[in-house]
Amino acid sequence: DADGINAIAQDPGILKAVKAPIILTPHPGEMARLIGLSIHDIEKNRLGIALQAASRWGKIVVLKGARTITADPSGAAFINPTGNPGMATAGSGDVLTGIIAGLLAQGIRPLEAALSNALEAATTNSCALSAPATIACSAFLTVVRIADLACALAALAFSLTFTRLIADLMFGISFTS
């Protein structure tokens, strides 16, 4: 997550040369470093910036923040309407990266894995709703909530992975095998 993005910021052109599927998960500050714009410029045009970066590098970009945007090099973009400021806490990017990496290791396609940001947002919303007088949810509590949610969804999964189900529910898209 952050360390990888910071290393790539030295030479973002390397992303185009790498043929392996890469999913970048920058927050606006990291995206600003990657493309040489200000955070203000990123925030003014989040969708356009995410799509441009995905197209330029040929990689999936998950631009974190309010209304997280997942952009595919093909020009498709998905806006996650959920989430809250509690996601801007130490370790939440690591949780997202771990979820994505775990799904990729199971053979889930990169775009579907990248859309798992909806799962993290939903669990963080759940945490924030149950936490008295606070909007922050620690990365640990997010992982615990995700595990609880995964157990609950296992009974409903049938032939769909929970990420496909979440993507269908959150974004109204279906993936065919």
Side-chain angles (χ1 to χ4, degrees), residues 1-85 87-88 92-125 142 146 161-177:
D1 186 42
D3 289 335
I5 288 171
N6 289 333
I8 290 168
Q10 303 299 317
D11 181 17
I14 196 168
L15 291 168
K16 193 82 169 155
V18 176
K19 301 302 178 205
I22 292 176
I23 300 170
L24 295 161
T25 60
H27 58 62
E30 292 166 334
M31 181 61 91
R33 283 194 299 280
L34 283 169
I35 63 175
L37 293 175
S38 70
I39 295 172
H40 177 75
D41 290 337
I42 302 296
E43 291 292 4
K44 280 191 327 190
N45 186 18
R46 291 173 51 78
L47 178 59
I49 296 291
L51 284 167
Q52 288 171 8
S55 176
R56 179 184 315 148
W57 300 321
K59 307 299 178 203
I60 295 169
V61 173
V62 178
L63 181 54
K64 298 181 292 193
R67 307 285 189 245
T68 293
I69 297 167
T70 302
D72 186 69
S74 70
F78 306 90
I79 300 172
N80 185 344
T82 65
N84 67 63
M87 294 180 71
S92 65
D94 298 316
V95 171
L96 175 61
T97 299
I99 293 168
I100 292 171
L103 292 171
L104 290 171
Q106 294 177 56
I108 302 297
R109 287 178 276 194
L111 181 58
E112 292 175 59
L115 289 171
S116 68
N117 69 69
L119 175 65
E120 183 182 21
T123 57
T124 305
N125 278 341
T142 300
I146 289 170
T161 66
F162 67 87
T163 301
R164 287 181 177 171
L165 178 63
I166 294 294
D168 191 17
L169 294 173
M170 297 295 297
F171 302 108
I173 58 171
S174 296
F175 295 95
T176 55
S177 296

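This structure is a prediction, so every number in the text was calculated from the model and none was measured.
Residue L37 holds its CG atom at 5.0 Å from CD1 of I49, rounded to the nearest 0.5 Å. Atom CD1 of I100 is separated from atom CD1 of I108 by 12.5 Å, given to the nearest 0.5 angstrom. Here the straight-line distance linking atom CG of L63 with atom CD1 of I79 works out to 10.5 Å at 0.5 Å rounding.
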Show me, pair by pair, the donor-acceptor contacts under 3.5 angstrom made by side chains of residues 53-61, not counting sequence neighbours?
residue: K59; atom: NZ; partner: V18; partner atom: O; Å: 2.4
residue: K59; atom: NZ; partner: A20; partner atom: O; Å: 3.2

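Annotation: side chain to side chain contact (heavy atoms under 4.5 Å, CB included) contacts of E43 (sequence neighbours excluded): P28, I39, R46. Considering only residues two or more places apart in sequence or on other chains, K44 meets the salt bridge (charged side-chain N to carboxylate O under 4.0 Å, His left out) condition with D41. In terms of the side chain to side chain contact (heavy atoms under 4.5 Å, CB included) criterion, residue partners of A76 (sequence neighbours excluded) are, by chain and number, D72, S74, F78. Applying the side chain to side chain contact (heavy atoms under 4.5 Å, CB included) criterion to L51, with sequence neighbours excluded, gives L47, A71, A77.
The side-chain heavy atoms of T70 and L111, taken from C-beta on, include a pair separated by under 4.5 Å.
Closest approach of A50 and I69 over heavy atoms only: CB-CG2, 3.8 Å.
The salt bridge (Lys or Arg N to Asp or Glu O under 4.0 Å) contacts involving residues 9-27 comprise nothing, where partners must be two or more places apart or lie in separate chains.
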